[in-house]
Amino acid sequence: MSKSHSAPPISRRQFLGQASCAAVGSSALFSTLLTLRLANSLSAQTAPASGDYKALVCLFLAGGNDSWNMLLPTTTGEYAAYAKARGNLAVAPDLALNLTPNNLGGRTLGLHPSMPELRDLFNAGKLGFVSNVGSLIRPLTLAEYRAGTALPVSLYSHDDQVKQWQTCIPDARTAIGWGGRAADILSSLNDPSLVSMNISLSGQNIFLTGQNAFTYSIGASGATALTGYNATAINSLTAQRSKAVDGMLGQQYRSLFEQTYANTTRESIDAYQEFSSALSGITLSTVIPTGNSVASNLAMVAKTIAARAKLGVRRQVFFVMLGGFDLHDNLLTNHPGLLSTVSKGVSTFWSALNEIGMQDQVTLFSASDFGRTLTSNGDGSDHAWGANHFVLGGAVAGGQVFGDKAAGYYPDLQNSAAIDTGQGRLIPGVAVDEYARDLLGWFGVSNANLDYVLPAFSSRFGGRTPLGIFDKSVVNSPPPVTPPPVTPPPTSTPTTTPSSSGGGGGGGAVSPLFLAALGTIALVRLRQKRMAKKKPGSGSEPAAT
Amino acid sequence: MVGSAAAVPVQPNANLNNDQLASRFLAQATFGPSPEAIAALRSAGYDYNAWIDLEIAKTPSYSAPLVTAALASGGITAIGNAQNRRARNQIIIGGSDQLRQRVAYSLSQIFVISDNNSAISNAAEGSCAYYDLLVRDCFTTFRQLLVDVTYSPMMGRYLNQYRNRKANPAMNTSADENYAREVEQLFSIGLYQLTPDGNYVTDPSGRPYESYTNTQITEFAKVFTGLTDEDHNPNPVGTGLGRTDFPSAKPNYTEPMKMWPGQHDVNTKSLHHYAGARKPDLPAGQTGDQDISDAIDNLVEHPNTAPFISRLLIQRLVTSNPSDAYVGRVSAKFVNNGQGQRGDMVAVIKAILLDPEARSVAFITDPEHGKLREPFVRLTHLLRAFHYQVTGTVLPYDLGSANENTLGQFPLAAPTVFNFYAPDYQPRGPIGDAGLFAPEFQIQNAVFGIATPNLYYSLVNTTLGSFSLDLSTQTALPDTAALLDNVDLLLTAGTLSATTRATILTALNGVTQAMVPNGSTLAQTRTRLAIYLVVSSPDFAIQK
């Protein structure tokens with residue numbers, strides 16, 4: 001810990017003074033000095049233009065999607081390497097849906113046969129894939145991996161890898177996600193509202209949690225009402241109850257704690273009213289397949305987007321999760337159904353976005369715990385690292401595969417020994433940070449604010465070329481692929497001991513905001529001195545009356 | 001609307017009788033006052049000190065034996081997270097050793113592990129065994145707690161001191177620093193140097209001094225190397241550049257980890273240097289167990305630990321913003337219980353609960369006093385106040401897995417090692433504006449603000465999981481005033497404000513026979529409404 005990173009502590013009075021000077025309105029009064037320090041480091045976002053609206057939708061495939069069967073190589077030699085590694089898990093070449101990405105220089109890929117809807121979206125140029133992406137502290141070679149250098153905490157563990165995908169802080173266990181940090185910055189573009197900018201269809205999660213931003217949780221049928229409450233009921237038990245609740249919450253309390261509780265509960269009830277009235281009357285004619293939670297949840301996302309004007313929002317982040325991907329067993333039986341649910345759900349969403357005219361202003365991206373081993377355990381695959389993902393949207397430069405340019409955008413499995421940590425656990429070619437940077441750039445996080453939203457990015461990956469997910473100006477030309485040198489076999493047991501040594505792929509100094517996110521620099525919140533205040537009754541024993 | 005015309009802010013009633021004072025004490029010291037618990041204090045002459053001694057003497061209630069017995073009897077076929085949670089519910093809600101349970105629960109929010117982590121949830125009865133460790137140790141010493149937590153195979157898995165390898169220079173690896181960091185930041189000394197009354201020690205410019213450097217984390221990380229499963233193979237296996245690696249062993253989730261010397265770093269370690277530090281530097285060649293013992297002494301005796309831990313425990317039990325003097329009084333007992341012993345948990349707990357700042361009624365009307373009752377504790381209060389019933393015979397204390405997630409808080413289910421909320425969280429509005437803290441408000445947002453009252457509504461009007469309430473005492477009361485007196489005694493310790501009282505009485509008296517739902521009586525309907533409204537009141541939400 002270095003003291004040079006700690007800004008001097010700020011008294012409450014100074015805080016309030018600075019807050020008003022910096023035009024942090026009282027409605028947005030930050031709750032802690034910590035956030036003030038962050039706020040002072042942030043640059044103002046450009047004011048929104050009229051009609052400006054963008055939504056980012058995270059589709060989280062919980063458990064670790066076997067994405068090497070979702071998107072596989074089909075060029076002859078590469079398919080042979082794939083089939084050899086996967087053994088009984090390999091998708092048959094004649095069944096895979098053929099894709100010819102226009103930036104792979106003729107190399108072909110196959111999509112799992114249960115995803116024809118995604119194939120059509122890819123061919124229509126609306127969907128792109130990102131290959132071999134995962135949590136990284138910096139670009140890593142196999143030798144460095146074997147030396148235990150700069151490894152994410154607890155590689156291959158569900159909980160940690162989920163957190164790291166959602167926080168982009170692979171060095172430590174933190175609970176603030178990059179979707180939440182984006183909302184800390186961008187919610188100022190929205191009208192003041194009790195409904196958070198970040199909305200989850202799948203409960204509370206780290207991805208949407210910011211320093212200030214919280215997650216507004218809804219279900220596929222909308223928001224939850226306060227049971228037994230109806231402000232306009234008359235002459236009924238509900239009316240008696242509701243009047244009393246309103247009375248208690250509308251009262252002025254001398255206790256700061258009671259007043260705060262009354263305020264926050266009132267806001268909770270009003271947030272529900274605000275959300276449900278904004279969505280009332282909004283229906284979709286798009287047919288929603290039954291028994292498909294991805295489709296029904298994404299349909300509610302589309303309805304919420306359709307209510308954007310009434311909600312007064314210009315930016316929203318959504319989170320939808322589908323579980324069941326941890327297929328150590330029964331992969332061949334269960335995986336196709338899950339991929340089909342995803343494919344049909346996503347294409348339903350695309351139709352719904354077409355119906356509401358918002359295809360160009362919404363981007364959906366997939367995420368997951370980690371990739372899975374290439375090798376088979378006989379009945380399934382185990383936890384691994386790098387994975388393939390997809391991004392959908394009218395703004396996406398679709399029909400392409402994005403990834404590590406040096407690997408030709410999609411790793412050639414004939415050379416996978418150079419990035420294989422064992423059992424086909426592939427070292428990611430691109431970091432989640434880089435994936436997130438493209439998404440956030442489109443979403444409107446300015447370069448100046450990127451240090452806050454992705455605190456580790458600039459020092460670790462800032463020197464790397466953007467993936468170009470939204471760059472329609474050029475089709476990424478296929479680079480000449482030079483097979484990386486094959487590292488000699490390990491001479492000793494690999495270790496997953498994390499190391500704090502960094503550098504190697506970065507473009508600048510470590511951001512103080514990153515150290516703050518790690519909790520390794522002083523985040524000073526001074527206790528208020530209460531010395532001037534005489535406590536009543538100190539020293540007296542309880543008086544019975 | 002009652003009270004809407006009044007410009008005078010509402011304040012709690014502080015004119016309490018002895019039963020109400022007892023109820024107030026039990027709200028701080030237990031998972032909620034039951035009529036029987038109030039009666040017990042009454043018959044003991046309202047002697048709180050003697051009551052604490054009786055609680056300490058009670059046989060502890062443990063959760064792991066409940067799940068292992070259910071498995072042995074064939075009542076369950078496997079021990080999973082749901083079964084462990086039910087067993088913990090049973091000792092928390094149903095245990096007769098209520099002070100012990102409440103203190104253990106408070107400690108579980110300092111020494112955090114989480115069953116949201118699969119290493120914990122997949123560990124058979126491991127999470128219950130960990131919770132039982134806190135139950136067992138909570139009236140011993142802070143040192144005993146820190147030793148047992150450090151050696152716990154569950155904490156080891158949660159914070160990586162389990163199978164933590166010593167540095168291997170040839171491989172360029174170093175020891176995992178996770179536990180070393182958290183044991184300092186969260187379990188003992190905290191981030192900043194503290195005065196004995198819990199204020200920051202600052203430099204002339206007002207900047208607080210940090211209590212440790214990253215180098216010290218690295219040094220402590222070397223201490224916490226070499227721990228592994230208990231029944232290890234005596235034959236060293238695993239190699240690699242001359243390293244004697246951990247043996248393979250049968251996973252152990254319940255017994256303390258054992259030291260495996262081949263992976264313990266035997267180099268010197270530099271610990272904290274402070275006045276009176278007994279072994280600020282550890283010599284080379286000590287055993288791993290000796291290193292850990294010395295390092296824990298170094299942390300327990302550090303001048304920060306007494307005020308840091310005292311403040312956290314006061315926040316869990318009594319008030320979010322204790323005065324400096326209150327922290328100082330408790331902290332002094334932590335340093336010396338009067339017989340020269342440090343870290344005597346009984347002395348600390350008595351100092352917290354018997355302090356004038358906890359007991360004097362004058363604090364009830366102090367606008368900065370008290371705390372938001374935790375959502376889980378609000379639920380247990382409701383259950384215990386009104387003679388909860390459970391259906392089922394095998395691990396019957398089932399609150400429903402969906403409900404557990406809806407509450408925003410559940411024992412041993414924090415999202416991270418940083419607990420459900422930060423001790424210095426400041427909500428927007430009057431608390432934050434006054435520079436005060438209110439940790440529990442960090443989980444009181446627009447979602448839980450609806451979801452938690454809905455759970456209370458469900459319990460009061462029907463059932464919640466396998467739980468329901470027996471309201472026969474309340475429905476037999478002669479009128480709505482007597483009904484509200486009873487609910488006020490049990491939930492709000494008689495502190496319901498005159499205005500809230502009038503608001504609720506108006507609602508109760510306005511219930512007519514025509515409004516009574518099918519299958520209910522007027523008395524039942526009014527009773528349920530009375531309980532729901534008190535539970536929904538700011539008066540109940542804030543423990544004073």
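So you know, we letter chains A, B, ... as the sequences are listed, proteins then strands, and number each from 1.
- Qualifying salt bridge (charged side-chain N to carboxylate O under 4.0 Å, His left out) partners for B:R373, counting only residues two or more places apart in sequence or in other chains: none.
- Scanning for side chain to side chain donor-acceptor pair (under 3.5 Å) contacts around A:E267 gives an empty result, with sequence neighbours left out.
- In terms of heavy-atom pairs under 4.5 angstrom with chain A, the leader among B:Q444, B:Q216, B:Q20, B:M515 is B:M515.
- For B:D539, the parts sitting under 4.5 Å from any heavy atom of chain A are the backbone and the side chain alike.
- The choice from B:V447, B:N445, B:N454 that makes the most heavy-atom pairs within less than 4.5 Å of chain A is B:N454.
- Aromatic ring pairs are classed by plane angle as parallel below 30°, tilted from 30° to 60° and perpendicular above 60°; the pair A:H383 and A:H328 is tilted.
- For a residue to count as touching a neighbouring chain, one of its non-hydrogen atoms must lie under 4.5 Å from one of that chain's; by this rule B:L159 touches chain A with backbone and side chain alike.
- Looking at A:Y253, both its backbone and its side chain come within 4.5 Å of chain B, counting heavy atoms on both sides.
- Contact count versus chain B (heavy atoms, under 4.5 Å) is highest, among A:Y272, A:Y229, A:Y261, for A:Y261.
- Between chain A and the residues B:N160, B:N461, B:T525, B:V516, the largest count of heavy-atom pairs under 4.5 Å involves B:N160.
- Heavy-atom distances place the side chain of B:F441, and not its backbone, under 4.5 Å from chain A.
- In this structure, B:Y425 has its ring center no closer than 6.0 Å to that of B:F437.
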